[in-house]
Amino acid sequence: QVQLVESGGGLVQAGGSLRLSCAASGRTDSRYAMGWFRQAPGKEREFVAATTWSGGVAYYGDSVKGRFTISRDNAKNTVYLQMNSLKPEDTAVYYCAVARFPGTIATMYDYWGQGTQVTVSS
(Lines give C-alpha, C1' and ligand atoms only; values in the text may rest on other atoms or scores of the structure.)
Protein backbone atom coordinates (compact mmCIF):
# COMPACT_ATOMS: atom_id res chain seq x y z
CA GLN A 1 0.00 0.00 0.00
CA VAL A 2 1.14 3.50 -0.81
CA GLN A 3 -0.42 6.58 0.74
CA LEU A 4 -0.29 9.88 -1.12
CA VAL A 5 -0.95 13.32 0.28
CA GLU A 6 -1.14 16.37 -1.97
CA SER A 7 -0.63 19.94 -0.84
CA GLY A 8 -0.04 23.38 -2.30
CA GLY A 9 -3.38 24.07 -3.92
CA GLY A 10 -5.20 27.35 -3.52
CA LEU A 11 -6.61 30.42 -5.21
CA VAL A 12 -4.44 32.32 -7.67
CA GLN A 13 -5.03 34.95 -10.32
CA ALA A 14 -4.64 34.17 -13.99
CA GLY A 15 -1.00 34.38 -14.99
CA GLY A 16 0.18 33.37 -11.56
CA SER A 17 2.00 30.28 -10.34
CA LEU A 18 1.53 27.50 -7.83
CA ARG A 19 3.61 24.51 -6.85
CA LEU A 20 1.87 21.33 -5.82
CA SER A 21 3.56 18.66 -3.75
CA CYS A 22 2.67 15.03 -3.28
CA ALA A 23 4.30 13.06 -0.48
CA ALA A 24 4.27 9.28 -0.65
CA SER A 25 4.47 6.97 2.34
CA GLY A 26 3.98 3.31 3.04
CA ARG A 27 5.48 0.83 0.61
CA THR A 28 7.80 3.17 -1.20
CA ASP A 29 10.69 0.76 -1.44
CA SER A 30 9.98 -0.24 -5.01
CA ARG A 31 10.55 1.90 -8.03
CA TYR A 32 7.42 3.56 -9.33
CA ALA A 33 6.32 6.24 -11.71
CA MET A 34 4.26 9.16 -10.51
CA GLY A 35 1.72 11.27 -12.26
CA TRP A 36 -0.66 14.16 -11.88
CA PHE A 37 -4.24 14.25 -13.09
CA ARG A 38 -6.96 16.83 -12.67
CA GLN A 39 -10.72 16.87 -12.70
CA ALA A 40 -12.95 19.88 -13.14
CA PRO A 41 -16.65 19.82 -12.20
CA GLY A 42 -18.69 17.96 -14.78
CA LYS A 43 -15.60 16.80 -16.68
CA GLU A 44 -13.63 13.60 -16.91
CA ARG A 45 -10.32 13.14 -15.14
CA GLU A 46 -7.58 14.57 -17.35
CA PHE A 47 -3.91 13.60 -17.57
CA VAL A 48 -1.58 16.44 -16.63
CA ALA A 49 1.95 15.08 -16.26
CA ALA A 50 3.93 11.98 -15.34
CA THR A 51 7.52 11.06 -14.69
CA THR A 52 9.63 7.96 -14.39
CA TRP A 53 11.30 6.70 -11.21
CA SER A 54 14.50 8.56 -12.02
CA GLY A 55 12.69 11.72 -13.00
CA GLY A 56 14.70 11.74 -16.18
CA VAL A 57 11.72 11.43 -18.49
CA ALA A 58 8.55 13.48 -18.26
CA TYR A 59 5.27 13.46 -20.12
CA TYR A 60 2.73 16.26 -20.33
CA GLY A 61 -0.82 16.76 -21.45
CA ASP A 62 -1.19 19.04 -24.44
CA SER A 63 -3.05 21.68 -22.46
CA VAL A 64 -0.18 22.19 -19.99
CA LYS A 65 2.93 21.72 -22.13
CA GLY A 66 5.33 24.60 -21.75
CA ARG A 67 3.61 25.86 -18.60
CA PHE A 68 3.80 22.99 -16.09
CA THR A 69 6.85 21.07 -14.93
CA ILE A 70 6.87 17.79 -13.03
CA SER A 71 9.82 16.83 -10.86
CA ARG A 72 10.53 14.47 -8.00
CA ASP A 73 12.82 14.07 -5.02
CA ASN A 74 13.11 10.36 -4.25
CA ALA A 75 15.01 11.03 -1.04
CA LYS A 76 11.83 12.71 0.20
CA ASN A 77 9.41 10.41 -1.66
CA THR A 78 7.85 13.54 -3.07
CA VAL A 79 6.75 14.63 -6.52
CA TYR A 80 6.13 18.24 -7.46
CA LEU A 81 4.10 20.03 -10.09
CA GLN A 82 5.24 23.56 -10.85
CA MET A 83 2.42 25.40 -12.56
CA ASN A 84 3.15 28.69 -14.29
CA SER A 85 1.06 31.02 -16.46
CA LEU A 86 -2.09 29.62 -14.93
CA LYS A 87 -5.37 30.05 -16.74
CA PRO A 88 -8.96 29.90 -15.46
CA GLU A 89 -9.38 26.64 -17.38
CA ASP A 90 -6.72 25.08 -15.14
CA THR A 91 -9.21 25.23 -12.28
CA ALA A 92 -9.73 21.69 -11.01
CA VAL A 93 -8.98 19.24 -8.25
CA TYR A 94 -5.47 17.94 -8.82
CA TYR A 95 -4.59 14.37 -7.91
CA CYS A 96 -1.26 12.61 -7.76
CA ALA A 97 -1.01 8.92 -8.42
CA VAL A 98 1.48 6.05 -8.49
CA ALA A 99 1.98 3.46 -11.22
CA ARG A 100 4.56 0.91 -12.28
CA PHE A 101 5.15 2.84 -15.48
CA PRO A 102 4.33 6.43 -16.46
CA GLY A 103 1.25 6.78 -18.61
CA THR A 104 -1.54 9.08 -19.63
CA ILE A 105 -4.43 6.78 -18.72
CA ALA A 106 -5.84 6.93 -15.22
CA THR A 107 -6.52 3.20 -15.02
CA MET A 108 -2.76 2.55 -15.21
CA TYR A 109 -2.34 4.06 -11.74
CA ASP A 110 -2.74 1.96 -8.62
CA TYR A 111 -2.78 4.50 -5.80
CA TRP A 112 -4.27 7.96 -5.62
CA GLY A 113 -4.16 10.91 -3.27
CA GLN A 114 -7.23 12.72 -2.00
CA GLY A 115 -6.69 15.72 -4.27
CA THR A 116 -6.01 19.39 -3.79
CA GLN A 117 -8.15 22.21 -5.19
CA VAL A 118 -6.63 24.73 -7.57
CA THR A 119 -8.74 27.73 -8.49
CA VAL A 120 -7.58 30.29 -11.02
CA SER A 121 -9.53 33.54 -11.15
CA SER A 122 -9.75 35.69 -14.25
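Bear in mind that the values here come from a model prediction, so they are computed numbers and not experimental data.
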So which atom in [X] and which in [Y] form the shortest heavy-atom distance, rounded to 0.1 Å?
X: G115; Y: V93; result: CA-CG1, 3.8 Å
X: L4; Y: Q114; result: O-OE1, 3.5 Å
X: I70; Y: Y60; result: N-OH, 2.9 Å
X: G35; Y: Y109; result: N-CE2, 3.8 Å
X: L18; Y: L86; result: N-CD1, 3.9 Å
X: A14; Y: S122; result: CB-CA, 4.4 Å

Drop me the distance from [X]'s [atom1] to [Y]'s [atom2], to the nearest 0.5 angstrom.
X: L81; Y: R72; atom1: CG; atom2: CZ; value: 13.5 Å
X: D90; Y: M83; atom1: CG; atom2: CE; value: 7.5 Å
X: S85; Y: R67; atom1: OG; atom2: CZ; value: 7.0 Å
X: S7; Y: L20; atom1: OG; atom2: CG; value: 8.0 Å
X: N77; Y: M34; atom1: CG; atom2: CE; value: 8.0 Å
X: D73; Y: Y80; atom1: CG; atom2: OH; value: 5.0 Å

Without swapping roles, check the side chain of [X] against the backbone of [Y] for a donor-acceptor pair under 3.5 Å.
X: N74; Y: W53; answer: yes
X: R27; Y: Q1; answer: no
X: T69; Y: Q82; answer: no

Transitively linked via ILVMFWY side-chain contacts under 4.5 Å: V118 with F47? no
So if you build clusters from Ile, Leu, Val, Met, Phe, Trp, Tyr with side-chain heavy-atom gaps below 4.5 Å, do V64 and V57 land together? no
Pairs in or reaching into residues 72-108: which pass disulfide bond (SG atoms under 2.5 Å apart), with residues at least two apart or in two chains? C22-C96
Quick one, W36 and V79 - any side-chain contact, counting heavy atoms below 4.5 Å? yes
For V12 and V120, run side chain to side chain contact (heavy atoms under 4.5 Å, CB included): C-alpha distance rounded to whole Å, both residues' side-chain angles, the deciding distance at 0.1 Å, then the answer. CA-CA 5 Å; V12 64; V120 184; 4.0 Å; yes
Inter- and intrachain pairs under side-chain hydrogen bond (donor to acceptor under 3.5 Å, both in side chains), touching residues 94-104, at least two apart: R38-Y94
I'd like to know whether E46 forms a side-chain hydrogen bond (donor to acceptor under 3.5 Å, both in side chains) with S63, so could you lay out the CA-CA distance, the side-chain angles of the two residues, the decisive distance to 0.1 Å, and finally the verdict. CA-CA 10 Å; E46 176 190 13; S63 61; 3.0 Å; yes
I want to know whether F37 and W112 have ring centres closer than 6.0 Å. yes
Donor-acceptor side-chain pairing of N84 and S17 below 3.5 angstrom: yes
Residues which pass side-chain contact (heavy atoms from CB on, under 4.5 Å) with T119, listed by chain and number, not counting sequence neighbours: L11, T91, Q117
Would R19 and F68 count as a cation-pi pair here, with the cationic atom under 6.0 angstrom from the ring centre and within 45° of the axis? no
